[in-house]
Protein chains: 2
Amino acid sequence: MTVSIKDVARQAGVSIASVSRVISGKPGVGSATEARIRKIMEDLNYRPNLGARGLVKQQTGNIAIIVPRGSFTLNNPFFSTVIDGIAKGIDQSDYNIVMSFSSAQQKKLLENKSVDGIILFSPRSEEFRLEWLENLGLPTVVIGSYIDDSPFPCVRPSDTDGIDQAVHALYERGHRHIGLVNEPMSSMHSVKCWEGYHQALQRLHLGPGSNDMLELNEFDVNASDRSVAAFFRSRPTMTGIVCASDYLAIGIMRIAATMGLSIPEDLSVIGADDVPIASLLTPALSSVQVDLPGIGQEATRMLIDLLTGKHVDSKNLVFPMTYIDRETTRNTEH
Amino acid sequence: MTVSIKDVARQAGVSIASVSRVISGKPGVGSATEARIRKIMEDLNYRPNLGARGLVKQQTGNIAIIVPRGSFTLNNPFFSTVIDGIAKGIDQSDYNIVMSFSSAQQKKLLENKSVDGIILFSPRSEEFRLEWLENLGLPTVVIGSYIDDSPFPCVRPSDTDGIDQAVHALYERGHRHIGLVNEPMSSMHSVKCWEGYHQALQRLHLGPGSNDMLELNEFDVNASDRSVAAFFRSRPTMTGIVCASDYLAIGIMRIAATMGLSIPEDLSVIGADDVPIASLLTPALSSVQVDLPGIGQEATRMLIDLLTGKHVDSKNLVFPMTYIDRETTRNTEH
DNA sequence: TTGTAGGCGTTATCAC
DNA sequence: GTGATAACGCCTACAA
């Protein structure tokens, strides 16, 4: 059914070697025969079988995007925005993107020699052990915060500094009791955010404040209404909240509304990452901006450099974050 | 470097045939040798090469998701929400998802025998010609409105009815001059929306109103500020707007704001699809709800049925839409 | 129960 | 310039 290099060769009355040569643009074919072969390929509508080629060249032409299960949900705008950047980066190349959605399938995908490289969204320790990843022997670049001494190049926002900025912004607006809503600490991202929060409190002499971080049990805020409500209720003097992501902040805004808290009158809220919808919400979400598509694009470039043996310049690319003041923050008298 | 079936065979002192048998769980291997082989596989950390297997079994284990270039932007919540459904559907199977992002790459992906089937988001005629698609000979299911007599099974929202409902909702609230903001008519989805709009106007005896559709030149509203503004300004009596999608409606709300029009006081707006963020906006967007993840999941199930030779029941699965009244619509006296 | 051998569609190394 | 032919890693009759 499917037309192969053999069919072309037979039709053209040449050996498959010659056909293969014109396909891969290698020299050593008379221009007359080349023309003939080209014509036959056209007539027969020949298309190379990438699988077969991959078998001999030991490469697949595929890149895996691995998003931790659970935070998955392409709907999480953090991922979709970064992936838009990846799309842009990959357009220039000949690679395709392969994705799996369950953790078991992701593992299989990476083990089965069906990809040449990996773009890994900040993995959580429970899901992918570092040793296991290294054992794969695949070029890998990590997006987002990850183990500090990991062997993989990494592209990420300056989370620590970003959260620090957010706390400072609140401080400047008169807030003195500032909380942090964070994802489970099993994610390195959460640790970085915690560090930024802690560092800011210290610099501002606001005390340790470790009591004022809410560590969610799930990665999805919307599964945590009760603990969020309890957190707010038990801290009546708290006037400002910094969230580890916009996604979190949006959930917080929703929960606050159901509790009868109005933002920013009763509570100032700041997100992180500044995803596109942040500015569309009402009140528009104050956030810490970072070039999310840029991160995706740079990570892709790095991986492709790795794949093509080019020298990869910097092992750690940190994108700056800058506070954006919108409508969820307001001055308060303390 | 990479350990193959041969290595296992040699180590175990058996033929590759036996190893292959235990891998694929075929009978005909002594339980003693089977155990030995299993152990060696474990020790050597053997992983099958899917590419090689695909070569002989003539299948790749991959499914392509094709999203029309331009509307791409995983950030378009319509796509990300449906794809979330696809993810759910595919979790049960052993298939992986492959994506390309430029139109040229997508074509190559489909031609190169690197996928077993296709999930195609309502293609526009300029990008993928039906004849070309058929010629591929790949099991394909289409998501969203498409050519009526296409040979491919199709899962889609009842766009026509949905828009009809939206117009009626506005009518019931007293609106008599109702406009439609639509994407380029090269998309079948736009045509269906137009039909729903037209049909509603007729039933309500509101005249043809063909003058009151704005057909955007681009698929991205945000590139069309000027024409949207002109559209509004030239129709001072228009009090209600139906949009072909929530994505469009969100853009319209933004543009209206910059024009000093307030919603819903000056203008009632209804979106379509009811994507998750619709309810998070303020004012919360009135829309026509449809089970987007369900569409993705059903499409995936259909494709997998097709792929596994199971009987596929219905060639055309239409998901009902129902109007959801939120805050962007208001009564008006005409 | 086990092994041999041919083939899936390509590329690459030889000869001629 | 051109053509055999051996891989690549795997599956599968067919033999033994």
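Throughout, a chain's letter reflects where its sequence line sits, starting with A, and its residues are numbered from 1. These values consider heavy atoms only, across backbone and side chains, with no hydrogens, waters or symmetry-generated copies.
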*Establish, from distance only, whether the side-chain atoms of A/R47 and A/N49 form a donor-acceptor pair under 3.5 Å.*
no
*Side-chain donor/acceptor of A/T308 to backbone N/O of A/I304, under 3.5 Å*: yes
*Check whether any side-chain N or O of A/S18 sits under 3.5 Å from a backbone N or O of A/V14 as a donor-acceptor pair, and report yes or no.*
no
*Nearest to the side chain of A/R53, which nucleotide is it out of C/dT10, D/dC11, C/dG9?*
C/dT10
*asked:* Of the listed nucleotides (D/dC11, D/dC10, C/dT11), which one gets closest to any side-chain atom of A/I23?
replied: C/dT11
Taking any heavy-atom pair under 4.0 Å as a contact, classify [X]: base, sugar-phosphate, or nothing.
| X | answer |
| --- | --- |
| A/G30 | sugar-phosphate |
| A/P48 | sugar-phosphate |
| A/S24 | nothing |
| B/S20 | base |

*Taking DNA chain D as the partner, which of residues 7-19 of chain B come within under 4.0 angstrom of it by heavy atom?*
B/I16, B/A17
Side-chain N or O of [X] versus OP1/OP2 of [N]: is the shortest distance under 4.0 Å?
| X | N | answer |
| --- | --- | --- |
| B/T33 | C/dT2 | yes |
| B/Q58 | D/dC11 | no |
| A/K6 | C/dC8 | yes |
| A/Q59 | D/dC8 | no |
| A/K26 | C/dA12 | yes |

*asked:* I'd like to know whether A/E34 forms a salt bridge (charged side-chain N to carboxylate O under 4.0 Å, His left out) with A/R38, so could you lay out the CA-CA distance, the side-chain angles of the two residues, the decisive distance to 0.1 Å, and finally the verdict.
replied: CA-CA 6 Å; A/E34 163 157 7; A/R38 284 228 131 82; 2.2 Å; yes
*Considering the terminal five base pairs at each end of the helix from C/dT1-D/dA16 to C/dC16-D/dG1, what angle separates the two local helix axes, rounded to 10°?*
50°
_Nearest heavy atoms of B/S102 and A/D91, plus distance in Å_ = N-OD1, 3.3 Å
*Partner set under ring pair (Phe, Tyr, Trp, His ring centres under 6.0 Å) for B/F128, not counting sequence neighbours*: B/W132
*Take A/L109 and A/V115 through the side-chain contact (heavy atoms from CB on, under 4.5 Å) test and state the conclusion after the steps.*
CA-CA 8 Å; A/L109 174 64; A/V115 299; 4.2 Å; yes
Can you check the [X] [atom1] to [N] [atom2] distance for me, whole Å?
| X | N | atom1 | atom2 | result |
| --- | --- | --- | --- | --- |
| B/N49 | D/dC8 | CG | P | 12 Å |
| B/L55 | C/dT11 | CG | C1' | 13 Å |
| A/M41 | C/dT10 | CE | P | 11 Å |
| A/I5 | C/dC8 | CD1 | P | 13 Å |
| B/R36 | C/dT1 | CZ | C1' | 12 Å |
| A/L50 | C/dG9 | CG | P | 14 Å |

*Apply salt bridge (charged side-chain N to carboxylate O under 4.0 Å, His left out) to the pair B/E298 and B/R301, showing each step before the final yes or no.*
CA-CA 5 Å; B/E298 274 310 302; B/R301 195 189 51 66; 2.7 Å; yes
*Taking N and O atoms by type only, does the side chain of A/R47 place a donor or acceptor under 3.5 Å from a partner on the base of C/dG9?*
no
*asked:* So that I know where these two stand, are A/F78 and A/Y247 an aromatic pair - ring centroids less than 6.0 Å apart?
replied: no
*Please report the C-alpha distance between B/L133 and B/T140 in whole Å, then the side-chain angles of each, then the deciding distance to 0.1 Å, and finally whether the side-chain contact (heavy atoms from CB on, under 4.5 Å) criterion is met.*
CA-CA 9 Å; B/L133 244 19; B/T140 299; 5.5 Å; no
